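Since the structure comes first, as structure tokens, the remarks are kept for the end.
It should be emphasised that the depicted structure is a prediction, and the values quoted were computed from it without experimental measurement.
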Amino acid sequence: MSQHAFRPSPRQGIGASCVSLVPGPWHSLLDFLTQRFPGVDRATWLARLARGDVFDAQGCAISPEQASAPPYPAHQHVYYFREVPHETRIPFDEVVLFEDAHLLVVDKPHFLPVVPSGGYLRETVLVRLKHKLGLNDLVPIHRIDRDTAGLVMLSKQPTSRAAYSALFSQHQVRKTYLAVAPWRADLALPLTRQSRIESAGHFMLQHEVPGAVNAITHIDVLEVRGQQALYQLSPHTGQRHQLRVHMLGLGLPICNDGLYPTLTPEGHSDPANPLQLLAKELVFTDPVTGQARHFVSQRALNWPPTQGTDTGAA
């Protein structure tokens with residue numbers, strides 16, 4: 001059966017994953033699953049099957065005996081619940097700033113991923129909120145890096161999701177970030193950085209390359225203190241790691257960046273010294289209600305204001 005006729009209900013905010021059973025030489029479904037997911041051994045798949053955590057496209061739990069026996073059921077779909085054993089609690093909490101029938105706006109802390117990936121499943125904005133609020137249809141409209149703090153918008157309704165997604169794809173959202181980075185007195189600011197950003201050959205990294213422009217960022221300085229400055233960054237495009245790569249390209253790597261210019265090994269981040277990048281403001285016209293929307297993060301960077309000085313980093 002090639003149609004997606006069934007999807008299991010989420011469990012504690014965790015949605016089921018779907019895998020397509022492509023044609024191949026496998027003796028059984030279990031052989032396919034073991035080869036398709038090399039990080040999950042045969043014993044783990046057998047345990048999932050025994051618990052009734054793997055389903056066919058009709059909604060029937062697949063038993064270990066069915067999964068182990070031929071023939072391999074090509075051209076079908078199988079659903080399963082992804083697991084991350086021994087997932088460590090991230091000791092920082094997201095804050096809901098706004099909610100209506102269609103939209104949820106969250107103020108995300110540093111270190112908390114937006115969506116499940118790699119070793120993060122329950123400890124993500126999406127899964128936490130689905131579980132806490134019972135919103136099974138919740139989907140991020142855009143994303144920010146795990147290392148970045150600040151505003152994230154999520155859609156509650158499939159019927160209006162495309163309208164909100166179009167705001168970002170059509171560049172109709174004014175996004176403002178704050179960053180702390182070195183100060184260069186020889187650099188004329190404000191300026192607009194325009195370049196082409198592509199993968200650097202490592203799955204974690206991006207870099208600037210020659211070619212047609214696909215990344216544009218307006219950069220201004222708000223305050224200078226000694227060797228550091230507080231910058232305001234306004235991206236006009238949404239390339240992965242765009243702000244971090246553009247600041248590095250100007251010789252202004254953002255403070256405590258664990259990727260640029262030097263890749264820090266996974267697990268070596270310091271909770272006391274987060275990346276000094278904050279998604280501060282989102283401004284747009286709501287495509288459903290027609291209302292002007294202006295959301296402001298209540299989080300702050302490690303940039304304590306001098307007495308009587310408003311730095312803009314509230």
Q | Joint cluster assignment, Leu126 & Leu103, ILVMFWY side-chain distance < 4.5 Å | A | no
Q: Please report the closest heavy-atom contact between Pro235 and Leu233, naming both atoms and the distance.
A: CD-O, 3.6 Å
Q: Show the numbers, then the answer: is there a side chain to side chain donor-acceptor pair (under 3.5 Å) between His246 and Ser195?
A: CA-CA 8 Å; His246 273 173; Ser195 66; 2.8 Å; yes
Q) Under 3.5 Å, side chain of Asp286 to main-chain N/O of Gly290, donor-acceptor pair present? A) no
Q) Mind checking whether Ile144 and Ile254 sit in one hydrophobic cluster, side chains of I, L, V, M, F, W, Y counted as touching below 4.5 Å? A) yes
Q | Donor-acceptor side-chain pairing of Gln242 and Thr237 below 3.5 angstrom | A | yes
Q: Step by step, work out the side chain to side chain contact (heavy atoms under 4.5 Å, CB included) result for Arg48 and Phe81.
A: CA-CA 9 Å; Arg48 291 182 183 180; Phe81 285 94; over 6 Å; no
(Q) Could you walk me through whether Met153 and Leu104 satisfy the side chain to side chain contact (heavy atoms under 4.5 Å, CB included) test, starting with their C-alpha distance in whole Å, then the side-chain angles of each, then the deciding distance to 0.1 Å, before giving a yes or no? (A) CA-CA 6 Å; Met153 285 171 46; Leu104 196 69; over 6 Å; no
Q.
So that I can tick it off, tell me whether Arg146 and Glu123 are bridged by a salt bridge, with the cut-off set at under 4.0 angstrom between side-chain N and carboxylate O.
A. no
Q | Aromatic plane relationship, Phe295 with Phe284 - under 30° parallel, 30 to 60° tilted, over 60° perpendicular | A | tilted
Q.
Between His110 and Phe92, does the ring pair (Phe, Tyr, Trp, His ring centres under 6.0 Å) criterion hold? Intermediate values first, please.
A. CA-CA 8 Å; His110 290 103; Phe92 309 107; 8.5 Å; no
(Q) Angle between ring planes, His102 versus Tyr164, binned at 30° and 60°: parallel, tilted or perpendicular? (A) tilted
Q. Taking only residues two or more places apart in sequence, or in another chain, which ones meet Arg143 in a salt bridge (charged side-chain N to carboxylate O under 4.0 Å, His left out)?
A. none
Q | Check: Ile14 main-chain N/O paired with Lys130 side-chain donor or acceptor under 3.5 Å | A | no
Q: Would you name the heavy atoms of Gly150 and Ser297 that are closest together and state the gap between them?
A: CA-OG, 4.0 Å
(Q) Starting from Trp45 and following side-chain heavy-atom contacts under 4.5 Å between hydrophobic residues (I, L, V, M, F, W, Y), which residues can be reached? (A) Val19, Leu21, Val22, Trp26, Leu29, Leu30, Phe32, Leu33, Phe37, Val40, Leu46, Leu49, Val54, Ile62, Tyr72, Val78, Tyr80
Q: Let me see the working for Leu282 and Lys175 under side chain to side chain contact (heavy atoms under 4.5 Å, CB included), right down to the final yes or no.
A: CA-CA 5 Å; Leu282 292 172; Lys175 297 174 285 185; 3.5 Å; yes
Q: Compare all side-chain heavy atoms of Thr124 with those of Val115 and state whether any distance is below 4.5 angstrom.
A: no
(Q) So does Thr34 get a backbone contact from the side chain of Arg42, meaning a donor-acceptor N/O pair under 3.5 Å? (A) no
Q.
Check this for me: does any side-chain nitrogen of one of Arg244 and Asp145 sit under 4.0 Å from a carboxylate oxygen of the other?
A. yes
Q) Under the salt bridge (charged side-chain N to carboxylate O under 4.0 Å, His left out) test, which residues partner Arg240, sequence neighbours left out? A) none
Q: Just jot down the side-chain hydrogen bond (donor to acceptor under 3.5 Å, both in side chains) partners of Gln157, sequence neighbours excluded, or say none.
A: none
Q | Residues that Asp100 engages under salt bridge (charged side-chain N to carboxylate O under 4.0 Å, His left out), provided they are two or more places apart | A | Arg293
Q. Is there a side chain to side chain contact (heavy atoms under 4.5 Å, CB included) between Val180 and Asn256 once you walk through the steps?
A. CA-CA 9 Å; Val180 177; Asn256 302 334; over 6 Å; no
Q | Under 3.5 Å: donor-acceptor pair, side chain of Gln276, backbone of Asn302 | A | yes
**Q.** Any residue meeting ring-ring contact (aromatic ring centres under 6.0 Å, His included) with His207, in chain and number order, not counting sequence neighbours
**A.** none
**Q.** Co-membership, hydrophobic cluster, residues Val221 and Ile219, 4.5 Å side-chain
**A.** yes
Q) Are Tyr177 and Leu250 linked, directly or through other ILVMFWY residues, by side chains that come within less than 4.5 angstrom of each other? A) yes
**Q.** Ion pair check, Arg128 and Glu94, cut-off under 4.0 Å
**A.** yes
**Q.** Short side-chain to backbone donor-acceptor contact, Glu281 and Ala279, under 3.5 Å
**A.** no
Q. Out of curiosity, does Val139 fall in the hydrophobic cluster containing Ile141 (side-chain heavy atoms, cut-off under 4.5 Å, transitive links)?
A. no
